[in-house]
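So you know, we letter chains A, B, ... as the sequences are listed, proteins then strands, and number each from 1.
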Amino acid sequence: MGSSASTVIIVEFADYQCPACQAMNHELHELRSRYPGRVALIYRHVPITSIHPYAWAAAIAAECAGAQGAFEPYSDLLFASQDSIGAISWLRFAREARVPDEPHFESCIKSRQYNSRVETDARAAQDLKIEGTPTLVINGWLFPQMPTPAELDSIVRSSIARESDSTHSKDT
Amino acid sequence: MSKPLESGARNTRATRARLRVMSTIQQGCGVASVLVLAVICPIAVAAPLCSASAQSGSRLADSAVARQLGDLEAADRAKRSATLGQGSSGFPTANGASQSGARSLDSANAVAVDRIIAAYGVPRISHVGQPAAEFAWRVILASPNPDLQRRVLALSVGLPRADLPVDELAQLTDQILVREGHAQRYGTQFVLIGDRLYTSPIEDLSHLDERRKLAGLSPMLVYVEKLRSTSPVPIVWPPRQESN
């Protein structure tokens, strides 16, 4: 989500049934709208199935929506309707998120073709010894605890300033 | 269950302030059903790198890290040339005693770079400069700690390729794949069989150069020719087709 040429690359390790991830999703949206084009978000799945029974399936569903270019609306909808996860179908979420090809979406979910992607993300979380969600990696730096909204803002501002300085020194 | 705060130097005013904020808005979900409340700041890293202002990744932190890496490289070169007859980190040595000394240096360097990464993140070319970034990545490649290597690879996801040393990134990717019993992706890993070097198995060989190009690497033949110019043993390329 966002351009890979953005100044700030945020990798978020999250779980769709995690309330703190819902709050972080909102926070990251705010951040991206404050700094349009400067913040890219990469979502990585860490479904904590021991306490969130639908989190893995939600991750697969989001990837299937992503296969049709609708990852972000689907992902946002899952967070926004977190209480309904498990109560309403993935297809209904897909309709609301305007996933274009519903039959294809359904067959994607059944095939579990994105299982390995979720496994890869979960493995990366293990490699990073992530102990909870959400966890952020910002510009290649793992934040073992969640940055506050003010810190997030400060990180983006200083990254933009650093980039401007760097561009300026190259120009002169 | 909360993870207890580390005592002593870690329990700073900034830490307490952060905890207050976290306790009000941040109740993360524990991977192992454990709520994480501890603020971790590596003991061996200078305090400014662990403060909230350092979390903003200021230019001062960049230059401090560049300096640390530069100092580390200078010390590494001095030790290798004085005791091992080597010029730089991560290259093999001829005899057993030297190998043991090199391994010990590799381990010490890896510990230092690991601390930097924990407090600062993956060293990027635009932040610490090409020589420092390349040195850090060579240390990671030579590290005997596979956890560190996997961690660095995971942290590098999403970062602009142009901001990372492409050769070292490809080597690290392949090194991990091969160690875990998979085919390598970029053709950077070789195995000595008899008196010749052969590439370890490569995935989807027919598209190797496409992958290498996407990763910012030279074509495989150019890479092999470059290696041949310095290799003490013949390098077999292209790989022989296996007959069944």
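At a threshold of 4.0 Å, the pair B:Asp76-B:Arg80 counts as salt-bridged, since one of the basic side-chain nitrogens sits closer than that to a carboxylate oxygen.
Contact of B:Leu148 with chain A is not made at all, since no heavy-atom distance falls under 4.5 Å.
Interface check for chain A: of the options B:Asp163, B:Val122, B:Leu155, the most heavy-atom pairs under 4.5 Å are formed by B:Leu155. Of the residues considered (A:Gln17, A:Arg157, A:Arg44), A:Arg44 shows the highest number of contacts with chain B, using heavy-atom pairs under 4.5 Å. Comparing A:Asn139, A:Val11, A:Leu142, A:Thr135 by heavy-atom pairs within less than 4.5 Å of chain B, the highest count is held by A:Asn139. Counting heavy-atom pairs closer than 4.5 Å to chain B, the top-ranked of the candidates A:Leu128, A:Ile138, A:Val137, A:Ile42 is A:Leu128.
Side-chain contact check for B:Gln171 and B:Gln175: no donor-acceptor pair (N or O, by modelled atom type) lies under 3.5 Å.
You'll find the ring centres of A:Tyr43 and A:Tyr16 inside the 6.0 Å limit. Outside the 6.0 Å centre-distance limit, the rings of B:Trp137 and B:Phe135 are not counted as a close aromatic pair.
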(request) Kindly determine whether A:Phe93 and A:Ile85 satisfy side chain to side chain contact (heavy atoms under 4.5 Å, CB included), including the steps that lead there. (result) CA-CA 9 Å; A:Phe93 279 117; A:Ile85 291 178; 4.2 Å; yes
